[in-house]
A.B. asks: 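Handing you a structure now.
In what follows, chains carry the letters A, B, and so on, assigned in the order in which the sequence lines appear, proteins first and then strands, with residues in each chain numbered from 1.
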Amino acid sequence: MHNLINTSQIRKKDMTMSEVRVRIAPSPSGNLHVGTARTALFNYLFAKKNNGKFILRIEDTDAERTSQAYIDNIFDSLKALGLNWDEGPDVGGDYGPYTQSERFDIYPKYAQILLEKGFAYECFCTPEELEAEKELATKNKQAYVYSKKCENLTEEEKEKLRKEGRKPALRFNIAKAQKAFHENSILKFDDLVKGELHMDTDLLGDFVIMKSNGTPTYNFAVVIDDMLMKISHVIRGEDHISNTFKQILIFEALGAEVPRFGHLGMILAPDRSKLSKRHGATAVSEFVEKGYLTDALINFVALLGWSPSDGQEIKTVDEIAQDFRIGEISSSNSIFEYDKLNWMNSHYIKMLPIEELKEKLKPYLTQYDLSELTDAQYTRMVEVTREPLTLLSDITDAVPYFFGEGVEIEPEVQSDVLDTETSQEVLKEFVAQAKDWEFDEENLHEKLEVFRGKFKEKGIKPKVTMWAIRAAVTGRTRGADMTAILAILGKDKVIARVNSAIK
RNA sequence: GCUCCCAUCGUCUAGAGGCCUAGGACAACACCCUUUCACGGUGUAGACGGGGAUUCGAAUUCCCCUGGGAGUACCA
């Protein structure tokens with residue numbers, strides 16, 4: 001009996017302890033980057049798959065580079081992508097605040113603990129001294145590691161330095177922590193995506209955890225926050241691998257449970273360099289402005305490293321979550337190629353419910369007077385022009401002929417199509433007949449079929465016949481379905497345009 | 001320089017010793033459909049970076065080389 005109760009209690013305890021809590025911790029020194037979006041996505045997927053919590057934390061310890069506009073952009077982008085967080089600066093949670101600058105008072109406490117335990121020491125080195133050390137190392141072609149010259153400063157020495165007005169920074173004592181918890185200088189951990197990773201901690205160098213101005217450095221703040229927020233799994237880019245070793249040591253020095261880590265390969269530009277502004281858009285919001293759908297973007301980015309078990313690549317985030325296993329993520333870098341993103345975007349545009357598409361297209365139609373069209377006409381216009389769109393913004397150049405009385409004729413269209421004798425003949429005949437037609441699509445379709453059939457008997461290809469009409473009405477040789485165009489424009493406009501094309 | 005990570009078609013990837021004469025998707029090309037463009041359909045071309053080792057057998061394991069990426073801040 002007692003045993004039973006005990007087991008169930010242990011189970012319960014295990015379950016609460018192993019609750020999955022992951023986080024995305026962007027630093028608001030720029031708009032939300034697609035790379036960050038992908039990291040956020042994988043965290044989100046992992047949380048969803050494991051019934052865990054997805055947490056948003058803003059890492060703004062560097063006040064210089066932080067701005068509210070960036071914070072807003074991060075919030076908006078994440079939301080637009082459908083990556084909603086369970087805890088965060090705006091929604092709160094049990095482990096807040098979720099903005100590091102609002103947590104400044106809690107870091108010194110833990111720094112003090114480390115200091116008292118001997119895992120940290122004050123460092124009075126000036127930037128110049130440090131610079132000199134580095135230069136020397138480079139000159140001797142050696143890896144730079146801090147000299148630890150402040151490690152064993154006596155109280156008198158420190159006092160003297162303090163009187164000189166020098167404010168100490170706090171450094172973490174790597175070797176001491178490593179020795180305290182590990183057999184030798186090699187630190188290992190089992191990475192969720194890469195497997196066992198190891199590092200000789202002698203090469204790490206005692207890093208600063210508290211700056212002389214009293215604020216924490218990234219590596220320290222992250223650990224404290226992850227610890228306090230009970231983060232169970234840290235999934236982030238592989239550019240953090242070396243930080244991970246430092247952070248594990250801090251967790252251990254603090255006597256905290258070390259979370260599991262998983263490092264993702266990076267997203268590279270087609271030239272294999274880091275994805276940056278010179279390659280085009282990098283922020284999610286920029287992609288949106290360019291006319292990409294967030295559903296397409298997130299789906300595309302999910303495929304960078306992850307692949308579906310059923311081969312079906314078009315999937316919603318929730319569908320991906322079902323199929324998601326972090327160990328199956330590719331551990332190599334991947335290149336961000338627009339080809340597939342573009343294909344995916346056009347696919348999503350085709351799939352989008354018409355009402356939604358009509359709304360999403362409006363920002364790209366501001367140069368036209370939409371009041372010229374009834375809602376039914378606008379709907380139809382969108383229906384017949386959506387097919388070839390790669391970007392939402394492509395709509396701008398796809399529809400000018402639906403607006404205004406006359407139409408701008410492209411020069412080549414004038415000379416190659418309208419100026420030909422056949423075209424003129426077709427147009428004259430068209431006006432003669434069309435003035436008696438009903439301009440609804442069904443009827444137009446039949447009439448046009450008969451119309452080009454007549455010309456075909458005279459040896460004029462249907463294609464040529466239709467081109468003449470298309471050219472006169474739209475000024476182009478390519479575009480949406482002719483019957484739809486004619487129906488939307490209506491008899492008066494069509495006849496007027498054709499008449500003005502007749503010489 | 002030092003350290004770490006990675007390595008299958010142009011790109012994203014499947015592949016966890018024999019199912020692989022390496023599969024799929026995007027892009028490319030060809031053909032078909034068609035009143036244009038497009039969509040769609042069908043098909044073609046296209047890869048295990050190199051060298052050793054283990055094994056009856058390696059894309060899959062190990063080692064070396066090469067290549068690419070990342071880190072090396074009182075930035076995050």
A.B. asks: Measure the distance from CG on D200(A) to C1' on C2(B) and round it to the nearest whole Å.
C.D. replies: 12 Å
A.B. asks: If the sugar-phosphate is the primed atoms plus P, OP1 and OP2 and the base is the rest, what is the B/S/- string for nucleotides 71-76 of chain B, using protein heavy atoms under 4.0 Å?
C.D. replies: S-SBBB
A.B. asks: Can you tell me the pairing partner of G57(B) across any strand shown, Watson-Crick or G-U wobble, with both distances under 3.5 angstrom?
C.D. replies: none
A.B. asks: Take atom P in A76(B) and the same atom in C39(B), then report the distance between them in whole Å.
C.D. replies: 48 Å
A.B. asks: Can you see whether T396(A) engages S393(A) through a side-chain donor-acceptor pair at a distance of less than 3.5 angstrom?
C.D. replies: no
A.B. asks: For R470(A), which of R478(A), M482(A), R476(A) qualifies under side-chain contact (heavy atoms from CB on, under 4.5 Å)?
C.D. replies: M482(A)
A.B. asks: Give me, pair by pair, the N or O atoms of the protein and of nucleotides 61-66 of chain B that are less than 3.5 Å apart, along with how far apart they are.
C.D. replies:
none

A.B. asks: Tell me whether R162(A) is salt-bridged to E122(A), with the criterion being a basic N under 4.0 Å from an acidic carboxylate O.
C.D. replies: yes
A.B. asks: Y107(A): what forms a ring-ring contact (aromatic ring centres under 6.0 Å, His included) with it, not counting sequence neighbours?
C.D. replies: none
A.B. asks: Nearest heavy atom decides the nucleotide; on that basis, is F245(A) or A143(A) closer to the 5' end of RNA chain B?
C.D. replies: A143(A)
A.B. asks: Which residues satisfy the side-chain hydrogen bond (donor to acceptor under 3.5 Å, both in side chains) test with K149(A), sequence neighbours excluded?
C.D. replies: E129(A)
A.B. asks: Report the residues that fulfil side-chain hydrogen bond (donor to acceptor under 3.5 Å, both in side chains) with S185(A), sequence neighbours left out, ordered by chain and then residue number.
C.D. replies: D200(A)
A.B. asks: Applying a 3.5 Å limit to both distances, which nucleotide forms a Watson-Crick or G-U wobble pair with A28(B)?
C.D. replies: U44(B)
A.B. asks: Between G15(B) and A7(B), how many Å separate the two C1' atoms, rounded to a whole number?
C.D. replies: 15 Å
A.B. asks: Name all residues meeting the ring-ring contact (aromatic ring centres under 6.0 Å, His included) criterion together with F455(A); count only those two or more places apart in sequence or in a different chain, and write none if there are none.
C.D. replies: F451(A)
A.B. asks: Just how far, in rounded Å, is C1' of C26(B) from CD1 of I314(A)?
C.D. replies: 10 Å
A.B. asks: Mind checking who C2(B) pairs with, Watson-Crick or G-U wobble, both distances under 3.5 Å?
C.D. replies: G71(B)
A.B. asks: Can you tell me how far C1' of C6(B) sits from CG of L197(A), to the nearest Å?
C.D. replies: 11 Å
A.B. asks: Just the rounded figure in Å: distance from C1' of A70(B) to NE2 of H263(A).
C.D. replies: 11 Å
A.B. asks: Could you tell me the Watson-Crick or G-U partner of A7(B), where both distances fall under 3.5 Å? Say none if there is no partner.
C.D. replies: U66(B)
A.B. asks: If we take the C1' atom in both C9(B) and A22(B), what is their distance in whole Å?
C.D. replies: 10 Å
A.B. asks: Might you list the N or O atoms of the protein lying below 3.5 Å from N or O atoms in nucleotides 7-13 of chain B, with each pair's distance?
C.D. replies:
unit_1, atom_1, unit_2, atom_2, d
U11(B), OP1, R272(A), NH2, 3.1
C12(B), OP1, I335(A), N, 3.0
C12(B), O2', L303(A), O, 2.4
U13(B), OP1, G305(A), N, 2.7

A.B. asks: In Watson-Crick or G-U wobble terms, both distances under 3.5 Å, what is the partner of C33(B)?
C.D. replies: none
A.B. asks: N345(A) CG to A27(B) P: how many Å, rounded?
C.D. replies: 13 Å
A.B. asks: When you compare C33(B) with G69(B), how far apart are their C1' atoms, in angstrom units rounded to a whole number?
C.D. replies: 46 Å
A.B. asks: Sticking with atom P, work out how far C12(B) lies from A70(B), rounded to a whole angstrom.
C.D. replies: 15 Å
A.B. asks: By ring-ring contact (aromatic ring centres under 6.0 Å, His included), which residues pair with Y98(A), not counting sequence neighbours?
C.D. replies: none
A.B. asks: T379(A) and K358(A): side-chain donor and acceptor closer than 3.5 Å?
C.D. replies: yes
A.B. asks: Strictly by salt bridge (charged side-chain N to carboxylate O under 4.0 Å, His left out), give each pair with a member in residues 234-247 of chain A just once, sequence neighbours left out.
C.D. replies: K194(A)-E238(A)
A.B. asks: Report, as a single string ordered 5' to 3', how protein heavy atoms within less than 4.0 Å touch nucleotides 30-40 of chain B: B base, S sugar-phosphate only, - not at all.
C.D. replies: -----BBBSS-
A.B. asks: Does C39(B) have a Watson-Crick or wobble mate here (both distances under 3.5 Å), and if so which one?
C.D. replies: none
A.B. asks: Parallel under 30°, tilted from 30 to 60°, perpendicular over 60°: which one fits the rings of F42(A) and F324(A)?
C.D. replies: parallel
A.B. asks: If we take the C1' atom in both G10(B) and A45(B), what is their distance in whole Å?
C.D. replies: 12 Å
A.B. asks: Could you work out the separation of A27(B) and C64(B) based on their C1' atoms and round it to a whole Å?
C.D. replies: 36 Å
A.B. asks: How far does the P atom of C56(B) sit from the matching atom of A14(B), given to the nearest Å?
C.D. replies: 31 Å
A.B. asks: Among all residues two or more places apart in sequence or in another chain, which pass the ring-ring contact (aromatic ring centres under 6.0 Å, His included) test with H240(A)?
C.D. replies: Y218(A)
A.B. asks: Using atom CD1 of I174(A) as one end and atom P of U3(B) as the other, report the distance to the nearest whole Å.
C.D. replies: 17 Å
A.B. asks: Regarding S101(A) and D60(A), is there a side-chain donor-to-acceptor distance under 3.5 Å anywhere?
C.D. replies: yes
A.B. asks: Could you state the CG-C1' distance from D310(A) to G23(B), rounded to the nearest angstrom?
C.D. replies: 15 Å
A.B. asks: Using the side-chain hydrogen bond (donor to acceptor under 3.5 Å, both in side chains) criterion, which residues pair with Y121(A)? Sequence neighbours excluded.
C.D. replies: D206(A)
A.B. asks: For a quick check under 3.5 Å, do D271(A) and S273(A) share a side-chain donor-acceptor pair by atom type?
C.D. replies: yes
A.B. asks: Using a strict cut-off of less than 4.0 Å between a Lys/Arg side-chain nitrogen and an Asp/Glu carboxylate oxygen, indicate whether E313(A) and K340(A) qualify as a salt bridge.
C.D. replies: yes
